[in-house]
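Residue numbers start from 1 in every chain, and the chains themselves are labelled A, B, ... in the order their sequence lines are given, proteins ahead of strands.
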Amino acid sequence: MTKLESLKQDLIGKFNIKDYKFIHSVGDDIVEIPKADVLALLRHLKSSGRFDFLMDVCGVDYPNREKRFDVVYHLFSSKDGSRLRIKTQLAEGEAVETATRAWKAADWFEREAWDMFGVKFTGHLNLRRILTHHQFVGHPLRKDYEADAQQHCDVALPIHFDNEEGRDGNVLDENLVPLNIGPSHPAMHGTLRVMVELEGETIRRAGCEIGYLHRCFEKMAETHPYNQVIPYTDRLNYCSAPMNNVGYCKAVEKLLGVEIPPRAQAMRVILCELSRIIDHIVAVGTGGVDLGALTGFFHLFTYREKVYTLFEKLCGARLTVSMTRVGGMAQDAPEGWFDDVLAFCKDMRGQVDEITKLMLENKIFIKRTQGVTPVSAKEAIEWGYTGPLLRACGVNLDLRKLTPYYGYDQLNFDVPVGTNGDIYDRYLVRIEEMRQSIRIIEQVCKNVPGGDYTIRDKGIVLPDKKDVYGNIEGLMNHFMLIIKGLRPPVGETYDATEAANGELGFYLISDGSGTPYRLKVRPPCFAIYQSFPTLVRGTMIADAIATIASMNLIAGELDR
Amino acid sequence: MSSKNSMNNSSDNSASSSSDLLRSALVDSLQDPTPGTGYAGLTPDVALHQAQLRAGEDLSRSFAFTTRLEAVVAWGRKNALWPLPYGTACCGIELMSVMGPRYDLARFGAEVVRFSPRQADLLIVAGTITEKMGPVLVQIYQQMLDPKYVLSMGACASSGGFYRAYHVLQGADKVIPVDVYVPGCPPTPEAVLDGLMVLQKMIANNQPRPWKENWKSPYDKA
């Protein structure tokens, strides 16, 4: 019995399932239900233990349909890695009950769906704009909103907080000191804004404002051909750009139903693990800077530069490499590149030991981080934590192990797990992950499979230049692919990879045309950051700075 | 006759070796690197020195330059730019590399990174400026003290880049006056260093900056 059938059996009698549609498509399980049942079903699936994570809530717009909007819930089970997508249809002006009553994780995702589509969630206390500015009129991801219709903002919002039950967030407490931090502040990494109310140095209330780097990634994806979306994905998590390339291309390939050759898989694994290392370098390095330790940053950046050099050798770019293509890689690795990578790994191993001594065994660092803002495993799952932050809480969840892709199941590596979920454990996990990534790279580099670096499907991949200039068939294929674009079949899929910050998911809908109909990114740090105001309540202001640094928030993927 | 030669002629004054070194170092650092451009008016007064030599004056006490005040001030300014890294996106990460060990912005006298606009001379806009960020950027710029300069790093800050989108300002120069644009997405650190050197040349030449002089905040309500 498939998982979907067993789910159906389970729901019989409990819900009126004759209105439900159970669909299995492109490897994903989907249930379409009427909006009245959403909250009850979510609660049932959670309490019965079938699914413990709410990964994403998003909207989709079909302007020609009677009920215009889809609201889509992505559920995930950390036990067996199974996923379920729940969809419900809403007409303009209709509302669905908020999922925050089942999962805290739904909070910001629902705000985003409201901001982007105008979908209402009854019972949500803070249904206000999250990514666009407060003077914005309309809902930009609706199909009738022009991609480049800019609206100017002429003033920043004053200090405000989230509404709570019986308390207006805009009313400040007269007995406390309000303090605004950011977005231009060294600890806020340029684009985050935190507002707090202080009693002495203790935080009594905190709030975050995001969207200062909302670059309309999803709208841009809807207006560009599939391959031209790749450079935009680079700029999601720009600290580990190749991982986003891989995640996106993997989703498109899943929808197309193609598998990439072993050599491309190996190259992608190496790129991903190198990126994981340099992402953790930024997290650990700037985390140290935020605590006042500048040395680690300079040490680590030497090694980041070495990885940049490897990327430059591979494709010419340092940071935003855009190295993958749908169907494989853009080009093969140059001669000797894998040996260079191996040499770097040897180098890096010593550096990781050094940084362990410099940070993790540093008395001041320990005092600043151990026992600060700990998160329990249960809470972390409730908030939708993934990646190193979830593992720091003691949850052994890594998509590379649970639902392996690109041959990760053949590789020998460990998943480091923390115990307390405090800031120290987060860095502990990150630094250990660097060691594991080095192990993975060394294993792959020593046995790089031969063969082609891309598939040769003429409807997906551009032909070689010698064919384009040399024969009429090559020229025709090239022309067709450029003019009409790559066209996946009508359908939709959700695909996730284990990025440096956690689960990076792409929910892709194709209408059969040359551009994605909808591309929703599930960014790992978006779910993590929404727990921040709760987490820092009652702590000292300096601990809040340490907490925000340990979350490794990358504005590119947070705000998209 | 160059000033160095004049010193060689006076080699009988053997006590002056340390002041010789000092003077030749100063002359080297102040002299125009490319004849005809830059460092306006900043040349050592050779004739004056020679007159002093003939009079047998002690070199260590009489060594002097004549120059114009604005030239020597510009020389100081260009070599002590304190940057405010307004890193919002990917370019911010490359800016870290510019300041990091390999490219080392310190070589250009610009290593004193200040996050307080009141202590900074150079605003490096590194990354996309969104509509939401616009008012913040203008406020930061207004808080900087004169003389102040703006370097726009990367395609987004210069023109909006490939984000022709509903929430992206099409260039930081829509709201603040930009002195130097560095292209690239993101620019290589070398390109950023080049942009900084272009700015240093502008400062040394006291180049007029009408875009700055005529700037008004777009958010000021008249």
Side-chain angles (χ1 to χ4, degrees), chain A residues 131-136 138 140 145-157 182-187 189-191 193 209 211-217 219-220 223-224 228 231-232 234-235 238-239 241 282 285-286 297-302 304-305 308 317-320 555-556 559, chain B residues 84-97 99-104 113-117 123 125-141 143 154 156 160-170 174-175 184-189 217-221:
Chain A
L131 296 182
T132 58
H133 56 78
H134 63 286
Q135 293 167 325
F136 204 87
Y145 194 95
E146 288 292 324
D148 59 351
Q150 286 135 14
Q151 299 185 26
H152 298 302
C153 170
D154 57 16
V155 65
L157 266 183
S184 176
H185 183 278
H189 301 189
T191 40
R193 181 182 176 195
E209 171 87 23
Y212 286 101
L213 193 62
H214 177 51
R215 306 192 270 196
C216 329
F217 168 80
K219 195 77 174 178
M220 290 292 100
T223 52
H224 285 77
Q228 286 184 16
Y232 285 99
D234 266 319
R235 288 147 185 87
Y238 34 72
C239 288
V282 174
T286 57
F297 169 81
F298 284 116
H299 261 290
L300 282 167
F301 252 68
T302 315
R304 208 178 143 89
E305 287 290 341
Y308 282 155
R318 285 162 50 88
L319 187 68
T320 47
D559 298 343
Chain B
L84 188 156
Y86 203 88
T88 62
C90 339
C91 284
I93 305 293
E94 275 301 67
L95 190 60
M96 285 187 201
S97 285
M99 291 169 181
R102 183 179 289 182
Y103 293 95
D104 194 12
V113 176
R114 289 291 123 141
F115 282 93
S116 164
L123 182 64
V125 185
T128 317
I129 300 301
T130 59
E131 301 283 2
K132 197 173 190 169
M133 190 61 109
V136 182
L137 181 64
V138 169
Q139 193 178 352
I140 294 286
Y141 178 74
Q143 285 174 347
C156 288
F162 71 172
Y163 292 102
R164 192 184 168 82
Y166 58 83
H167 200 251
V168 176
L169 211 57
Q170 301 297 296
K174 290 269 186 286
V175 291
C185 189
T188 56
S217 164
Y219 303 124
D220 276 353
K221 301 212 169 62

Original post:
With a 4.5 angstrom heavy-atom cut-off, which part of B:Q139 approaches chain A: side chain, backbone, both or neither?
Top reply: neither
Subject >> Selection from A:G556, A:A156, A:S184 maximising heavy-atom pairs under 4.5 Å formed with chain B >> reply: A:S184
**OP:** Measure the spacing between CD1 of B:I129 and OG1 of A:T191 and express it to the nearest 0.5 Å.
**Re:** 10.0 Å
**OP:** Could you look at B:V168 and say if it's the side chain, the backbone, both or neither that has a heavy atom under 4.5 Å from chain A?
**Re:** both
**OP:** For the pair B:F162 and A:Y232, name the ring-plane relationship: parallel under 30°, tilted 30 to 60°, perpendicular over 60°.
**Re:** parallel
Original post:
Under the 3.5 angstrom rule, does the side chain of B:T88 hit a backbone N or O of A:G190 as a donor-acceptor pair?
Top reply: no
Subject >> chain B interface, residue from A:H299, A:E146, A:R235, A:M220 that has the most non-hydrogen pairs under 4.5 Å >> reply: A:R235
Subject >> Selection from B:V113, B:L84, B:V138, B:V136 maximising heavy-atom pairs under 4.5 Å formed with chain A >> reply: B:V136
Original post:
Heavy-atom distance under 4.5 Å to chain A: side chain of B:M96, backbone, both or neither?
Top reply: both
Original post:
Any idea which of A:A149, A:P186, A:A241 has the most non-hydrogen atom pairs under 4.5 angstrom with chain B?
Top reply: A:P186
Original post:
If you count heavy-atom pairs under 4.5 Å between each of B:G100, B:A89, B:P101, B:G134 and chain A, which one has the most?
Top reply: B:A89
Original post:
Of the backbone (N, CA, C, O) and the side chain (C-beta and beyond), which part of B:R164 lies under 4.5 Å from a heavy atom of chain A, both, or neither?
Top reply: both
Original post:
If you tally heavy-atom pairs under 4.5 Å against chain B, which of A:T302, A:T320, A:T132, A:D559 wins?
Top reply: A:T132
**OP:** Report yes if some heavy atom in the side chain of B:E131 is under 4.5 Å from a heavy atom in the side chain of A:Q151; otherwise report no.
**Re:** no
Original post:
Among A:R215, A:R193, A:H152, A:E305, who wins on heavy-atom pairs under 4.5 Å with chain B?
Top reply: A:R215
Original post:
How about A:F217 and B:H167: are their ring centres within less than 6.0 Å of each other?
Top reply: no
